[in-house]
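By convention here, the first residue in the shown sequence is residue 1.
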Amino acid sequence: MRPLFHPAIEDVRPEAILHALADPSRAAIFARIMRAGCVEACSAVSALGDRVIPKSSLSNHFKVLREAGLIRSERHGVEVRNHSRWAEVEARFPGLLMGIINAYAAEASPAAEAAGPR
């Protein structure tokens, strides 16, 4: 099995982060990993709302997040544990991640308000 590539924090580029988080699915996956601290099973993030991400797409999303420097993936037997690199990225680019995550949250809020109470 090939080793997983993780860029050193000095090699993490803002354009790679912006590309990785430009996809709403990847942004949602990253937000879940960030909140959980560590996600062990891909199935824990495969369902986004009412849709399920296929395994092949999910693997690609994790690869893009990993190569952008947003997550660290570690193999443990047949499992891959994914950890957020939020603190490292935040130290290098203060406010970047929070700005992106807040933008998605603000975008989702009007849609939730338009739907009305349930």
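Ala8 pairs by the side chain to side chain contact (heavy atoms under 4.5 Å, CB included) definition with Glu10, Asp11, not counting sequence neighbours. In this view, Leu18 and Leu96, Ile100 satisfy the side chain to side chain contact (heavy atoms under 4.5 Å, CB included) rule, not counting sequence neighbours. With sequence neighbours left out, Arg35 forms a side-chain hydrogen bond (donor to acceptor under 3.5 Å, both in side chains) with no residue at all. Under the salt bridge (charged side-chain N to carboxylate O under 4.0 Å, His left out) criterion, Glu90 pairs with no residue, sequence neighbours left out. Not counting sequence neighbours, Ser57 has no partner by the side-chain hydrogen bond (donor to acceptor under 3.5 Å, both in side chains) test. Taking the side-chain hydrogen bond (donor to acceptor under 3.5 Å, both in side chains) definition, one finds that Ser73 meets it with Arg66, Asn82, sequence neighbours left out.
Taking every heavy atom of both residues into account, Ala20 and Leu70 meet most closely at CB-CD1, 3.9 Å. For the residue pair Phe93 and Val12, the shortest heavy atom distance occurs at CZ-O, 3.4 Å. The heavy-atom pair separating Ala68 from Pro7 by the smallest distance is C-CG, 4.4 Å. Here the closest heavy-atom approach between residue Val64 and residue His19 is recorded as CG1-CD2, 4.1 Å.
Under a hydrophobic clustering in which Ile, Leu, Val, Met, Phe, Trp and Tyr are joined whenever their side-chain heavy atoms come within less than 4.5 Å, directly or via other members, Leu65 and Val89 fall into the same cluster. The same ILVMFWY cluster, assembled from side-chain heavy atoms under 4.5 Å apart, contains both Ile9 and Ile17.
At least one donor-acceptor pair closer than 3.5 Å links the side chain of Tyr104 to the backbone N or O of Leu21.
The structure places CD1 of Ile101 at 6.0 Å from CZ of Phe30, a figure rounded to the nearest 0.5 Å. Remark: Asn102 CG to Glu107 CD distance equals 12.5 Å, nearest 0.5 Å. In this structure, Met98 CE and Trp86 CH2 are separated by 4.0 Å, a value rounded to the nearest 0.5 Å. Separating the CE atom in Met34 from the CZ atom in Arg85 is a distance of 16.0 Å, to the nearest 0.5 Å. Taking CG of Leu58 as the start and CZ of Arg26 as the end, the distance is 11.5 Å to the nearest 0.5 Å.
Within the 4.5 Å cutoff, the side chain of Arg75 has heavy atoms near those of the Leu4 side chain. Asp23 is listed as a side-chain neighbour of His61, based on a closest heavy-atom distance under 4.5 Å.
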Is there a side chain to side chain donor-acceptor pair (under 3.5 Å) between Ser84 and Arg72? Walk through the geometry before answering. CA-CA 6 Å; Ser84 169; Arg72 180 169 302 282; over 6 Å; no

